[in-house]
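Inspection log for the structure reproduced underneath, given as structure tokens.
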Amino acid sequence: MEATAEIKTKARTKPDTRLIGELAPIVGLVLVVVIFTLLTKGALLSSGNLQSLSSQVITTALVTIGAVFVFGSGYFDMSLGGCLCFTAVIGGQVAIATGSLLLSFISILGISLAFGIAKGIFATTVNVPFFIFTIVLGSVISSVVLVMLGSESTIYLKDAVKEIPSLTFTQMTAVNVIALVVFFAVCLVLFNYTPLGVCIKNLGGSFIAARQSGINTRKTTIIAFIVSALGVAVAAFIILLRTRTVGATTASGVGNDVMVALVLGGMPLSGGPKSKISAGLIGAVTITVLNSGLTIMGLTTGQIQVVRGIVFIAVVFVSSFSYRGKLLPR
Amino acid sequence: MNKIGKNIVMSLVIPVVVYLFFFILCNATGNAGFGVGSDLQTILYTSVYSGLIAMAMAINLSSGRFDFSIGATMVLAIIIGGNVAKDYNLGAVGLLIVTVLIGLALGAVSGLVYTVLGLPPMVVSLGLAMIYEAIGFIFNKSKGVKLMGKNDLLIFAKMPWIVIVIAVVLVVMVLLWDFTKFGYERKALATGQKIATDQGINEKKNAIICYIISGVLLGIAGCVYISKYGTVSPETGLSSSSYFMTAFLPMFIGGAIAKYSSQPIGIYIGAITQAFITSGLSWLGFSSSAMTVMNGVIVMAFLVYTSNSHILVEQKMFKEKLEKARATREAKEAKEG
Amino acid sequence: MKKRLLSLALCAVMSAGLIAGCGSSDSSESSGTSSSGSAAESSEEASTDTADVSNFPEETIKIGVESFDTTDEQFMALQEYLDYLADNMNLEMVYSESIDSAEAEMDFIDSCASAGCDAIFAYYNVSPEAIQETIDKGMYYWGTEQYAPDYEDNEYYVGCYTFTEDDSEENGDYLGGYELGYSLGEQGVKHVFYCNGGASFGVQMFIDRQSGFEAGIEAAQADGYEIEYDSSADVIEGWPGTDDFTAAVSSKLSGDYDGAAVSFNAATLFQPINDAGKADSIKIAAIGGVNDTYYDAFNNGLVSTIVYDCEEVVFGNGIVAIINAVTGHGDVTRDGDAAGRVLTYRWTLTDPDQFNAIYDMHDAGEYYITASDVANLCAEYNSSITFDEINEYYQSFTLENTVK
């Protein structure tokens with residue numbers, strides 16, 4: 001006789017912390033915007049400030065969105081600030097030598113892509129801890145810029161052989177918005193809807209598994225660096241347009257800002273399948289709104305530093321729920 | 001005995017070669033001041049300072065944890081320690097003890113935040129760097145710490161104290177690294193995280209102790225720094241990240257020659273080498289940016305070498321095996337033929 | 001469940017942190033109750049030092065202050081004076097973080113515009129575009145004289161801090177460096193080395209100071225002083241804290257130098273010089289301030305010269321110009337059609353008694369130009385004031401006249 005027993009099992013449900021983790025960056029952004037709008041009595045979202053925010057966010061956003069490709073492949077690239085500075089300076093020198101913005105843009109694109117391809121080839125050929133290598137590379141590039149500039153410490157576009165027209169505030173805003181939307185759209189499609197994105201996420205997840213699956217790791221890595229270089233190129237050109245002044249101090253804070261933005265956007269820094277292209281945009285906007293809001297509120301430098309640190313750790317903690325493991329992360 | 005001799009020679013060959021190279025070059029170009037007299041004192045100071053920072057970074061880096069907050073920890077420890085020592089007339093030993101204790105506390109906080117929150121160490125250290133910088137800025141109303149002229153406090157950059165400091169630190173670090181349970185567990189965790197934790201090693205405790213030791217070393221480094229300069233200004237905007245640039249070359253040279261002695265000793269020898277290079281280049285009259293470029297190129301070259309040196313060893317082994325196989329086959333053919 | 005609570009707690013902590021941060025900023029806002037007609041028109045004597053002007057101007061004027069390094073001694077002294085004015089008048093200051101690049105500067109100006117600032121006080125300036133941006137946003141600009149010739153005809157450009165009567169290559173930083181060089185020559189220094197700070201990193205302020213220093217040395221040599229300086233061998237580049245700075249300092253100290261000129265905070269040289277046993281044989285000249293850092297060193301002779309820009313004299317006239325412009329009396333800031341240049345003198349301190357007198361005064365929270373003195377220079381408060389009178393007033397503050 002068959003003995004049947006009814007086994008009742010209580011539905012084993014765990015609170016879905018992963019969902020909290022994935023939503024944390026967006027929630028963080030919304031919270032920051034709401035809190036600062038209240039604290040600045042609406043000044044944050046005034047039409048003038050929104051236009052200014054587009055100028056403030058563009059550099060970090062472009063570089064960060066491009067960086068998602070590189071970080072997603074599992075390579076830490078800390079030399080983005082140095083590369084941006086170098087590219088902008090070369091662009092500036094070409095601009096004042098020829099008076100043509102088009103030539104300047106072409107040279108910026110060329111130099112940036114050259115850097116990207118070189119880094120990509122190096123990353124796939126030579127076995128080094130890439131992270132430390134790029135930190136040192138970043139500082140070497142910045143010093144090379146200084147040596148290159150020599151005694152002429154800053155390049156002003158007004159010294160160009162032919163006058164280069166400057167853009168009005170509205171024109172600049174339009175340029176910013178168009179550049180950001182187009183670049184983000186392209187990257188979104190590439191990352192989420194093409195095989196390239198899948199390859200990158202696989203590569204970041206496990207190099208060996210990706211290679212064994214037949215992914216051409218070298219090609220994928222180089223393309224990732226090329227996309228990042230594109231972001232850097234557009235950012236350098238926009239800096240040139242907006243400030244018309246480049247020198248050795250250009251983009252000095254970008255390297256750190258990119259890391260902070262990626263983290264605030266919820267991107268796992270070691271890359272892999274959980275990388276999100278939205279992290280670039282959300283993180284850049286969050287850090288920009290945070291900085292802008294803190295300045296508008298008129299806080300002292302010390303208070304700004306403290307608040308920034310606390311907000312950073314809070315957002316990062318909550319967003320880490322989406323990728324926690326049992327072991328301590330490395 | 002032969003092996004010990006070989007170890008000593010291999011450990012010292014790099015700094016000796018670098019010293020001779022710059023000595024000859026400087027004297028040839030008319031800069032006789034390199035490497036003699038007061039320059040040696042400066043080299044000693046620079047080597048101790050960067051050696052301490054490099055050791056602090058290496059503890060965590062060898063376990064895959066990059067600590068962004070090294071500069072901020074050191075600056076905060078010495079700002080608080082220095083002001084407390086000044087206000088309460090604590091004397092030099094008091095300065096050292098207070099600064100080291102604060103470094104220890106900051107390291108403990110870093111370790112705890114890392115283990116409790118479970119975030120990637122890069123991210124944690126970034127956030128903590130921001131907060132430590134902020135506290136250092138607000139403390140003493142952004143004036144930092146000023147101990148100029150208080151010669152009774154500022155002894156750690158001078159003989160004989162600086163030698164005592166580095167000797168004690170090296171002895172303790174070598175013991176911790178190679179002769180304690182902590183050291184063995186650290187090595188196990190560094191090379192095989194999952195296996196080590198499955199075997200029962202308490203990873204969190206080990207990580208916290210690593211951060212604490214790093215904090216202590218940074219406190220000592222802060223005392224050495226302020227003994228040289230008398231004043232420390234607070235940093236803002238993550239600019240404290242410039243402090244760890246001096247740690248890379250010692251760490252990698254240390255990694256290359258660690259097998260001949262012990263990692264802390266290797267790191268210190270690397271720091272001495274870096275001090276020779278910096279002093280030599282400075283005497284030769286290079287500009288600051290040119291020196292950064294050269295230093296960076298040397299670091300990158302070393303990085304490539306240390307990461308790929310095993311390939312050379314493998315090739316050598318392969319060749320030896322091939323020779324041996326060939327010899328065996330020939331002997332066999334000779335026997336049969 | 002626990003993690004949910006923890007995440008909620010963290011959000012609360014985050015919000016609390018933000019509110020705590022903003023809560024303590026209320027103390028920096030001055031009392032902004034605009035009372036009508038309280039201290040508006042007044043024909044009082046310009047010399048009433050302690051009149052209460054906390055309700056002047058009627059509507060709070062918000063000023064954005066831009067700086068290169070928020071821990072710099074001179075900037076911190078300026079910040080104390082500006083805070084004093086903000087406490088005693090109806091002003092509010094918004095300070096920037098350390099700004100070094102052109103984009104950071106533009107971001108700050110945009111944020112100030114959104115915060116409702118009426119003017120920008122540019123203690124430091126990177127690019128001319130920033131001035132244009134300020135003007136485009138409808139804010140008044142007072143700052144460095146670097147780009148004055150390009151903008152001085154614009155009504156929104158209300159002046160600059162200057163030590164020369166007309167625009168010339170020799171701006172304030174240049175002249176400061178000049179004083180360093182000449183003064184050391186005058187004091188009989190034979191061989192000097194120069195710490196050039198950010199000049200090798202492309203920071204214009206330090207590049208100007210270095211060229212001024214070299215000109216000062218040449219002038220001293222032309223006047224017969226035997227001072228030697230080689231512009232390649234006798235320079236220490238960069239900032240303290242790096243290994244190469246340490247190496248460079250020690251190699252210089254082992255040489256035969258008896259003078260050191262520093263274009264930034266010289267405190268980092270005190271200890272190395274002490275340790276090298278050269279405290280009696282080296283004279284330091286620095287661009288700095290009258291504060292704790294230099295108190296002991298100046299009094300015991302280690303520092304022999306301080307090129308000091310007295311914050312209430314050199315920079316304070318900017319507040320006057322801004323208040324005048326914002327309250328609709330822009331004409332008082334003009335000299336003809338161009339923005340007026342209020343000529344001020346920097347004080348080259350070589351006498352410890354003078355140093356101590358200034359130090360004691362500032363330490364007690366008092367200033368040579370008080371809040372009500374500033375108010376008396378504003379047309380809204382004192383309707384008879386003219387630009388020439390403002391100019392003469394500030395010119396009268398030479399070292400000999402002011403510090404008895």
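Chain identifiers are assigned alphabetically (A, B, ...) following the order of the sequence lines, protein sequences preceding nucleic acid strands; residue numbering begins at 1 within each chain.
Within a 6.0 Å radius of CH2 in B:Trp161, other residues, nucleotides and ligands contribute 12 heavy atoms or fewer.
Residue contact with chain C, scored on non-hydrogen atoms closer than 4.5 Å, involves the side chain of B:Met291 exclusively. Both the backbone and the side chain of B:Ser142 come within contact range of chain C, each with at least one heavy atom under 4.5 Å from a heavy atom of that chain. For a residue to count as touching a neighbouring chain, one of its non-hydrogen atoms must lie under 4.5 Å from one of that chain's; by this rule B:Tyr243 does not touch chain C. Proximity to chain C is limited to the side chain of B:Gln274, based on heavy atoms less than 4.5 angstrom apart. With a 4.5 angstrom heavy-atom cutoff, B:Phe34 does not touch chain C via any of its atoms.
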task = Under the side-chain contact (heavy atoms from CB on, under 4.5 Å) rule, what do B:Lys143 and C:Met76 come out as? Steps first, then yes or no, please.
result = CA-CA 9 Å; B:Lys143 292 198 191 126; C:Met76 287 192 343; 3.8 Å; yes
request  = Applying side-chain contact (heavy atoms from CB on, under 4.5 Å), run through B:Asp39 and C:Ser250 and close with a yes or a no.
outcome  = CA-CA 7 Å; B:Asp39 198 43; C:Ser250 99; 4.1 Å; yes
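Between chain C and the residues B:Pro234, B:Ser289, B:Ser50, B:Ala157, the largest count of heavy-atom pairs under 4.5 Å involves B:Pro234. Contacts with chain B were tallied for C:Asn274, C:Thr70, C:Asp69; C:Thr70 has the most, counting heavy-atom pairs under 4.5 Å. Most heavy-atom pairs under 4.5 Å with chain B: of the set C:Pro240, C:Gly238, C:Ser251, this distinction falls to C:Ser251.
Between atom OG of residue C:Ser98 and atom CD of residue B:Glu235 there is a gap of 9.5 Å, rounded to the nearest 0.5 Å. C:Asp275 contributes atom CG, which lies 8.5 Å from atom OG of B:Ser227 (distance to the nearest 0.5 angstrom). The distance from the CG atom of C:Leu253 to the OG1 atom of B:Thr42 is 8.5 Å, given to the nearest 0.5 Å. Taken from OG in B:Ser233 to CG in C:Asn265, the straight-line distance is 6.5 Å, to the nearest 0.5 Å.
Below 4.5 Å, heavy atoms of chain B meet heavy atoms from C:Asp292, C:Thr293, all part of residues 288-298 of chain C.
Residue pairs satisfying the salt bridge (charged side-chain N to carboxylate O under 4.0 Å, His left out) criterion with at least one member in residues 246-274 of chain C, sequence neighbours excluded, are absent.
A 4.5 Å side-chain heavy-atom check between B:Tyr229 and C:Leu269 finds every atom pair outside the cut-off.
Applying side chain to side chain contact (heavy atoms under 4.5 Å, CB included) to C:Gln271 and the options B:Asn151, B:Ile226, B:Thr231 leaves one that passes, B:Asn151.
Comment: B:Lys146 engages C:Glu73 in a salt bridge, judged by a side-chain N to carboxylate O separation of less than 4.0 angstrom.
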